[in-house]
Amino acid sequence: MLLFTPEVSRAANWRLSENLSVGGIYTDNVRLVEKRKESSLIGMVTPSILLHGEGRRARFDLAASLIFSTGNDNPVLPRYRALLANELVKNSLFFDLISRAGQGRINPFAAAGSPVINQTGNFTTTYVNTLNPYFVSRLNGFADLRIDYRYSDFRFSDDTIDPRTQQTLRADLFTNPGSSKISWGLDGYSRKTEYNSDTQADSTRSYVDAVLRYQLNRKLGVAGSVGTESNTFGSNTRGGTGVSRWYLEARWTPNSRNTFTVRHGGRFFGSYTNLNFYHRARKSVFRLEYRTELRDSSDNLSDQNILPATNLSGQPANPFTNGPFVQPNDFVDLTNNRVYVQDRFRAFYTLTGKRTVLDLVGQYDTRDYLDSSRETIFSRAWVGIQRGLTRRYSVRSRLSWYGTEEKDTNVTSDTWRFLLSLTRPVGRKSGLSLSYSYADRKSDNPGDSYKENRVALFFNTNYQGIPGYGFRY
């Protein structure tokens with residue numbers, strides 16, 4: 001709260017952006033059923049705000065919106081992300097407060113649509129609050145030490161989902177290579193997830209690694225690690241205690257625009273290989289990633305990117321400029337909180353021209369649950385394009401596909417969605433957008449297939465201001 005005292009407010013640099021969206025959406029299948037469809041006209045008002053303040057030893061970031069709507073099961077939906085970062089002791093002790101809220105599916109294998117529009121009962125609002133103190137120190141210029149602790153509390157608007165807490169402790173001690181090509185260090189990690197209900201099994205994951213790094217030249221570096229890990233997953237016996245782990249890694253950076261990293265290692269579930277390739281050109285960005293790791297639904301909730309501050313190419317972006325549509329994280333499965341081994345492949349490409357932006361995205365996840373024979377697959381892909389037609393009109397289009405598969409039951413689903421939107425500015429700070437979308441879902445589960453048409457019309461206006469002792473626009 002010190003950030004908002006008069007002294008701090010005067011010393012801080014502030015930026016404010018306010019947005020208001022007013023409009024309506026028509027859907028011909030509000031309940032997403034295959035037969036006996038019901039149409040609905042939904043009115044919506046969405047005020048939103050972006051606020052950034054930064055002082056000598058404190059920083060505050062806020063992106064927030066409230067979606068008010070009529071004629072559906074969710075008349076008010078909050079979305080926000082907030083960060084209050086404080087430097088308690090100069091260059092050594094820090095304390096961050098993080099808070100987020102957003103909507104997502106409960107069951108990713110069932111029809112959902114949008115929580116703003118569709119009445120399926122398959123959405124919940126997730127609230128995540130995190131305390132994050134951490135300590136950094138340079139030990140006589142010889143080594144860098146960082147101790148990081150996070151306490152996260154997860155709450156849900158749906159009472160059927162078990163609240164939980166997650167504690168994470170990580171400590172790293174690495175030598176400062178300076179002019180030497182060799183550096184070494186220790187990396188320790190522990191994460192415990194506890195559920196409020198006795199019906200859910202708590203889990204603990206921890207490891208300690210000794211790491212050795214060698215920089216062959218300016219472009220190529222290698223690293224290796226040996227360590228031990230201990231895991232408890234309820235009734236699971238595959239995690240083990242005191243199980244060895246290792247990896248070998250090579251990182252090649254031929255120039256500032258390209259990076260390639262490959263890691264091969266072994267853990268209690270077997271050998272794995274991770275790949276990461278990044279390429280940036282003057283007008284395009286390409287990234288490819290393949291990873292194998294242990295995860296659960298709480299990890300996925302922690303990684304949710306609510307109201308992202310950047311676009312796919314990493315450039316700053318206003319999350320409210322494309323209307324109040326909620327994009328849920330469909331890969332979070334809140335019906336199963338067990339730990340699994342995840343193989344994830346992700347790739348994206350974005351091309352930015354003078355009047356055109358092209359996005360290509362693909363993702364493929366397999367999850368092998370450790371305490372059962374269950375194995376699931378999630379996959380999605382989309383192509384999106386934005387283009388300025390004239391000085392007054394621009395168009396945005398997107399074709400996306402989302403697929404799921406439960407391998408033990410051989411149940412699959414495929415959902416296709418097409419979106420076409422036309423926008424026109426009204427004055428310097430406002431605009432009108434008219435959009436049409438069509439969705440077609442086919443599922444092996446009875447009653448889980450549907451087709452839906454939507455038409456939406458919105459008026460958006462934006463203001464820039466500086467808070468303090470009165471706002472200036």
Side-chain angles (χ1 to χ4, degrees), residues 17-30 32 39-48 50 65 67-72 77 79 113-118 283 307-308 310-313 315-328 348-361 380-402 415-441 451-464:
S17 174
E18 298 168 289
N19 190 82
L20 179 65
S21 176
V22 180
I25 301 174
Y26 170 82
T27 172
D28 67 350
N29 191 0
V30 68
L32 300 184
S39 61
S40 180
L41 180 60
I42 301 165
M44 297 174 58
V45 176
T46 306
S48 56
L50 287 172
S65 71
I67 304 176
F68 299 92
S69 58
T70 63
N72 62 24
L77 288 176
R79 288 186 300 161
S114 168
V116 186
I117 305 165
N118 301 113
K283 295 183 178 180
L307 301 176
T310 60
N311 56 23
L312 284 177
S313 62
Q315 300 301 314
N318 188 325
F320 305 116
T321 54
N322 288 327
F325 296 99
V326 176
Q327 299 293 336
F348 77 77
Y349 173 78
T350 179
L351 174 66
T352 303
K354 185 177 180 180
R355 293 192 301 166
T356 305
V357 178
L358 173 67
D359 293 326
L360 300 172
V361 177
R380 63 179 170 187
W382 77 74
V383 54
I385 187 169
Q386 301 180 56
R387 178 168 176 80
L389 301 177
T390 66
R391 294 182 61 184
R392 301 194 64 82
Y393 290 94
S394 61
V395 66
R396 179 168 61 99
S397 183
R398 176 170 166 172
L399 177 65
S400 62
W401 168 76
Y402 173 79
T415 305
W416 288 89
R417 183 175 293 276
F418 172 73
L419 169 71
L420 181 64
S421 175
L422 181 68
T423 61
R424 181 187 188 279
V426 180
R428 292 190 304 111
K429 300 177 180 179
S430 305
L432 284 172
S433 65
L434 175 66
S435 65
Y436 166 79
S437 67
Y438 171 76
D440 186 356
R441 175 181 173 88
K451 294 182 180 180
E452 182 195 24
N453 293 276
R454 297 180 193 167
V455 178
L457 177 64
F458 281 93
F459 172 78
N460 299 283
T461 185
N462 180 268
Y463 299 94
Q464 302 289 334

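- Here the straight-line distance linking atom OH of Tyr402 with atom OG1 of Thr415 works out to 7.5 Å at 0.5 Å rounding.
- With hydrogens and angles left out, the side-chain atoms of Thr27 and Arg454 include no donor and acceptor closer than 3.5 Å.
- Separation of atoms CG (Asn453) and OH (Tyr438) is listed at 6.5 Å; rounding is to 0.5 Å.
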* List the steps and the verdict of side chain to side chain contact (heavy atoms under 4.5 Å, CB included) for Phe458 and Ile25. => CA-CA 9 Å; Phe458 281 93; Ile25 301 174; 3.8 Å; yes
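- The CG atom of Asn460 sits 15.0 Å away from atom NZ of Lys429, with the distance rounded to the nearest 0.5 Å.
- Results of the side chain to side chain donor-acceptor pair (under 3.5 Å) test with Thr423 over Ser394, Ser433, Ser435 single out Ser394 as the only residue that passes.
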* Steps toward side chain to side chain contact (heavy atoms under 4.5 Å, CB included) verdict (Val455, Leu434) -> CA-CA 8 Å; Val455 178; Leu434 175 66; 4.3 Å; yes
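- Exactly one of Ser430, Ser17, Ser48 qualifies for a side chain to side chain donor-acceptor pair (under 3.5 Å) with Asn462. That residue is Ser17.
- Contact between Thr46 and Ser65 at its shortest, heavy atoms only, is CG2-CB, 4.1 Å.
- Scanning for side-chain contact (heavy atoms from CB on, under 4.5 Å) contacts around Leu351 gives Lys283, Ser284, Tyr349, Leu358, with sequence neighbours left out.
- Donor-acceptor pairing under 3.5 Å is recorded for the side chains of Tyr393 and Arg424.
- To the nearest 0.5 Å, atoms CG (Leu77) and CE (Met44) are separated by 8.0 Å.
- Of the inter-residue distances, the one linking Asn29 atom CG with Ile117 atom CD1 reads 12.0 Å to the nearest 0.5 angstrom.
- Counting heavy atoms from C-beta on, the side chains of Leu422 and Leu389 come closer than 4.5 Å.
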* To do: Take Leu20 and Val45 through the test side chain to side chain contact (heavy atoms under 4.5 Å, CB included) and record every step on the way to the result.
  => CA-CA 7 Å; Leu20 179 65; Val45 176; 4.1 Å; yes
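- Summarising the geometry, atom OG belonging to Ser397 is positioned 5.0 Å from atom CG belonging to Leu420; distances are rounded to the nearest 0.5 Å.
- Listed by chain and residue number, nothing satisfies the salt bridge (charged side-chain N to carboxylate O under 4.0 Å, His left out) test with Asp28 (two or more places apart in sequence, or in another chain).
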* To do: Determine, step by step, whether Arg417 and Glu452 satisfy the side chain to side chain contact (heavy atoms under 4.5 Å, CB included) criterion, reporting the C-alpha distance in whole Å, the side-chain angles of both residues, the deciding distance to 0.1 Å, and the verdict.
  => CA-CA 9 Å; Arg417 183 175 293 276; Glu452 182 195 24; 3.8 Å; yes
